[in-house]
Amino acid sequence: MSLFTPLLWILLISPLIVIAHFKSEKSNLKYLGFFILYFLADVFLQASGKQWIDLDLKFNWAGKILSLILGLIIIFSVSKEERIKIGFTSKTNSKSNLKFGLLVFFGFTFFDIIFKLILFPKGGNFDLETFLFQATMPGLTEEILFRGISLWLLEKAFTPTWNYRGVKFGWAFVIVTVLFGVSHGAVLDQDLHLKFDIMTMVYLTVISSFSVGLLRKFSGNLIYSILGHNTINLINAVIRIL
């Protein structure tokens, strides 16, 4: 992957950022700048980690660990109140909201399982590293990146005003949800050739990113979206070896 790829992702979601700016009652573009800098720094660390630290493993453990370190540095550099807004807390929202978030997530996940059982290639071999990686790193690092710090910064940039069941939503939620799908479906290779998988982008945005995002918002806690994210990844790994 070319290091220009994250700039492409920002470019692809820029129409949403423009809409958010004009639709929001008040925008704080300083935090939008912080979001872009943080996002680019995190992706750079993830992309470069395997080159800097060669662990001789199939997956990019080094890049994910560097991403996690950056996220934790930011989380512990802010106040306890701000950490709660990021979702880094032991508290959750009301039981009814938590239950609603879980029901929505499991509903989307059930559809996801059926869809992938039909379309995914089967007959792969069990690989311990694959299961250990998918059970830990993607959810841990990507949830801190997308639905933790990025969502927190963007909600400071564009204050959420939509309310459902007492939970505030806004353009920040839309931007992060779409950005997750875009970052998995568009890539520039080292020769700057664009690989654009619109089906992956749409599916991950509508099914995975949206459902995990709702789980994060209705629980008020990153641990639920981390577990939900890793559950989806583990299901993918299991289906491929059936």
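The model shown is predicted, which means the values in this text are computed figures rather than measured ones.
Rounded to the nearest 0.5 angstrom, I86 CD1 and R216 CZ are separated by 9.0 Å. I17 CD1 to I175 CD1: the interatomic distance, rounded to the nearest 0.5 Å, is 5.0 Å. Rounding to the nearest 0.5 Å gives a distance of 12.0 Å between OG1 of T92 and CD1 of I223.
Pairing each heavy atom of D189 with each of S2, the nearest pair is O-CB, 3.2 Å. In this structure, S209 and T177 approach most closely via the heavy-atom pair OG-O, 2.9 Å.
In terms of hydrophobic clustering, with Ile, Leu, Val, Met, Phe, Trp and Tyr side chains grouped at heavy-atom distances under 4.5 Å, W162 and V104 are assigned to a common cluster. I232 and V182 fall into different hydrophobic clusters, where Ile, Leu, Val, Met, Phe, Trp and Tyr side chains are chained together by heavy-atom contacts under 4.5 Å.
The aromatic rings of F218 and F100 lie perpendicular to each other, with more than 60° between the two planes, well past the 30° mark.
H184 and T200 form no side-chain donor-acceptor contact under 3.5 Å, judged by distance and modelled atom types alone.
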Show me the side-chain donor-acceptor pairs of residues 29-42 shorter than 3.5 Å, one per line, residues at least two apart or across chains.
| residue | atom | partner | partner atom | Å |
| --- | --- | --- | --- | --- |
| D42 | OD1 | Q46 | NE2 | 2.7 |
| D42 | OD1 | S67 | OG | 3.3 |
| D42 | OD2 | S67 | OG | 2.7 |

Identify each donor-acceptor pair in which a side-chain atom of residues 71-79 lies under 3.5 Å from a protein atom, sequence neighbours left out, and give them as a table.
| residue | atom | partner | partner atom | Å |
| --- | --- | --- | --- | --- |
| S77 | OG | I73 | O | 3.3 |
| S77 | OG | I74 | O | 2.7 |
| S79 | OG | E82 | N | 3.3 |

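Aromatic rings from Y224 and F105 are positioned such that their centres are separated by 6.0 Å or more.
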